Each structure stands twice: as C-alpha cells, then as structure tokens.
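Here is the structure we will look at, set down as structure tokens.
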Protein chains: 2
Amino acid sequence: MDAPSAERRLNDLLAGGSTITFATAESCTGGGVAARVTSVAGSSDYFLGGVVAYANDAKANVLGVPRDVLDTRGAVSPECAQAMAERARDLFGATLAVSTTGIAGPGGATARKPVGLVYLALAGPDGTRVEEHHFSGDRAAVTDAAVERALALLVEGAEAALRPR
Amino acid sequence: MDAPSAERRLNDLLAGGSTITFATAESCTGGGVAARVTSVAGSSDYFLGGVVAYANDAKANVLGVPRDVLDTRGAVSPECAQAMAERARDLFGATLAVSTTGIAGPGGATARKPVGLVYLALAGPDGTRVEEHHFSGDRAAVTDAAVERALALLVEGAEAALRPR
C-alpha cells in the first residue's frame, strides 16, 4: 500500500480535536501548497489560509516582508523565506506557517541563483527553520518538489507541536 | 488540436507588452486558481498574487471582507464574493481580481447552501460582476469546475481590458 500523502497525514494529525492551525506564504509554488492541503475534506479545521506573493510588491505590501530584505538579499533568499513564513504566521494568527521562494524557471535565473534553487521556511512557536534546496527538472518538476517539501515541513511542524512538553 | 488552456490563453493575452495585471482571492478553490495561472512560465508578467482566505477570520483580517457581510450574508454569498474580489484588487493594486467562495463538500452544506454552490466575482475597472453556479460531483469535481470558471472570467476580463475604448 502506498504511504498516505502529506496532505492526508496533516488531516490525520490535525482534523477534529487539535487546536493547531497553519498558514502558507507561497512564491514559486504559486498556490500549489494550499491547493494540495485543501484537496482534503476537513482541512478547514486547521488550514486558515495563505498568501500567494508572486510579485515583490505583494511580498512587501500584502505579506509585509521588509523592503530592505527584498532590496539587499532578494526575493529568492533565506532571509525572504524566513520573513514570509513569520509574517504569514502573524497575519493569519496560526500556530505554524510555511513559505516557498525560488526560481522555478525557465526564466529568472542568474549566475548565483540557478533554476531549481528554492528556499523554504517553517515558522512555529519555537522559532523559524530555513532550508535551501536545489531541485532538478523543468518548471513543473521544481514546483512539485517544492510543494512536496513544504508539505513535509508542515507534517514535521505539526508532529512537533503535538508532542507533549 | 485541443483549444489552449485558459492559463495559456491568459499568457498569450498578457505576457510581454501589456500593463494589465490580476490577483486572486480564493476560498473554496484553495489556491487552485493561482496554481494553474503560475504553472505557465512568464506568468509573473501579469499575476501579482493572491490570498487564499479559507477561514472566516482570514477573509475579514487578511482580505478585509466586512464582518457585517460575513455575519449577515455568510461566507458563501454573492456579497462575500464581491467583497473578496474588490478587496483583492485593491490590496494587490491589480487591474482585475477574481474570487471564489462556495461549498466544495462533502461537509459544510445547509438546506439553503448545498454542496456545489459556488459564487465567483470578477472585479475590474468597470465594476464587479458576480455569478452563482451549482456544480455537480464530488469535492474535486466542484473545485475543478470553480477553478475553470474563475480562469474563464479572467480571460474575459483581460479581453475586455485590452479592447480599445
């Protein structure tokens, strides 16, 4: 039997009794993380919502990523991923928030930021964790890999938040 | 040959030279409209971003849908769809914005609001148009139909915005 999908695992962990909620802040995945989460009935128990911040102005004006981060580090940077996740967590009042920002391609790459470079961040009650990935393949493959990793981060975050302290 | 997809048609209309932009405000489609739009390379030319406002608090606090609308008409109402689209248009500073709010099922239905009931709105420079649909099928079918109709509304809006006056 196949392992359950990450969105199903989130549902198993969080639907019904838990008070743990999450939100998303997506750039390169373009809404794909939220779409996977909400494909499962009952996701409204724990998914509050998300921002798809595709343009830099949306990252600054809607999410509240500091302009300074965008100007000096760029939208595809660990600092931007961290700010996106932390701002989404605040904005939605969620326990956890995950963010994605990267170069899905085929355009947009630079010498220092190649196609497939994706930063993800998970913000939670114990702080924020940022990851750098280099995914291979075309636009769809990079996006799918980033969505999958974002969902896995949410599963890890949910499991940690559910653990007795 | 198949007709081009709506997201490809949007790219054909808006990528490159045009100054027309759009944003999304999604409830029942959960990010699926944004994900379809951003699956096309070059969509950053015209797609600014979106809000997935799944919880009522997200509709009010992040998008700015008036509490009064949510309390008296409900989240699944023409008034809510209209406010979502208009608020997203303002928030992102876009030419056009499309919204979706409905009952994807299997839960959440009431006697007056059955599974498959979806309101969509398109806000643009000439005002806002709201539609009521009754889509059939399961959660995935209702969501897919709503995504498809939202994309078609954006195509119509883009064509109208490009027409000489």
Side-chain angles (χ1 to χ4, degrees), chain A residues 7 15 21-64 75 84 87-88 90-94 100 103-108 115 138-140 142-144 147, chain B residues 7 15 21-64 75 84 87-88 90-94 100 103-108 115 138-140 142-144 147:
Chain A
E7 60 270 32
T21 59
F22 65 82
T24 53
E26 303 185 60
S27 183
C28 64
T29 52
V33 178
R36 282 276 296 275
V37 166
T38 59
S39 69
V40 180
S43 47
S44 55
D45 280 2
Y46 49 86
F47 179 62
L48 302 180
V51 172
V52 182
Y54 220 54
N56 271 9
D57 278 353
K59 291 180 182 74
N61 300 342
V62 180
L63 261 184
M84 288 172 67
R87 289 297 300 128
D90 284 354
L91 198 58
F92 289 90
T100 65
I103 315 279
V115 169
D138 63 7
R139 182 178 182 88
V142 169
T143 306
D144 287 352
V147 166
Chain B
E7 60 270 32
T21 58
F22 65 81
T24 52
E26 303 185 61
S27 184
C28 64
T29 52
V33 178
R36 282 276 296 274
V37 166
T38 59
S39 71
V40 181
S43 48
S44 55
D45 280 2
Y46 48 87
F47 179 62
L48 303 180
V51 172
V52 182
Y54 220 56
N56 271 10
D57 278 352
K59 291 181 182 73
N61 300 342
V62 181
L63 262 184
M84 288 173 67
R87 291 295 301 126
D90 285 353
L91 198 58
F92 288 90
T100 65
I103 314 280
V115 170
D138 63 7
R139 181 178 183 88
V142 168
T143 305
D144 287 351
V147 167

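Letters go in sequence order (proteins before strands), and every chain restarts at 1. If you're wondering where the values come from, they're calculated on a predicted model, not measured in any experiment.
Within the 4.5 angstrom heavy-atom criterion, atoms from both the backbone and the side chain of A/S43 approach chain B. In this structure, the portions of B/A41 lying under 4.5 Å from any heavy atom of chain A include both its backbone and its side chain. Of the atoms belonging to B/V142, not a single heavy atom falls under 4.5 Å from chain A. At a 4.5 Å heavy-atom cutoff, the contact between B/S39 and chain A is made by backbone atoms alone. For chain B, the nearby part of A/V62 is the side chain; its heavy atoms alone come within less than 4.5 Å.
Of all the heavy atoms in A/T38 and B/T29, the pair that sits closest is OG1-O, 4.4 Å. Between A/V52 and B/F47 the shortest heavy-atom distance is CG1-CE2, 3.8 Å.
Between chain A and the options B/G32, B/A104, B/S44, B/G107, the largest number of non-hydrogen pairs under 4.5 Å is found for B/S44. Counting heavy-atom pairs under 4.5 Å between each of B/A34, B/G31, B/G49, B/G50 and chain A puts B/G50 at the top. Chosen from B/S27, B/A55, B/A53, the residue pairing most often with chain A at heavy-atom distances under 4.5 Å is B/A55. Counting heavy-atom pairs closer than 4.5 Å to chain B, the top-ranked of the candidates A/V33, A/D57, A/V40 is A/V40.
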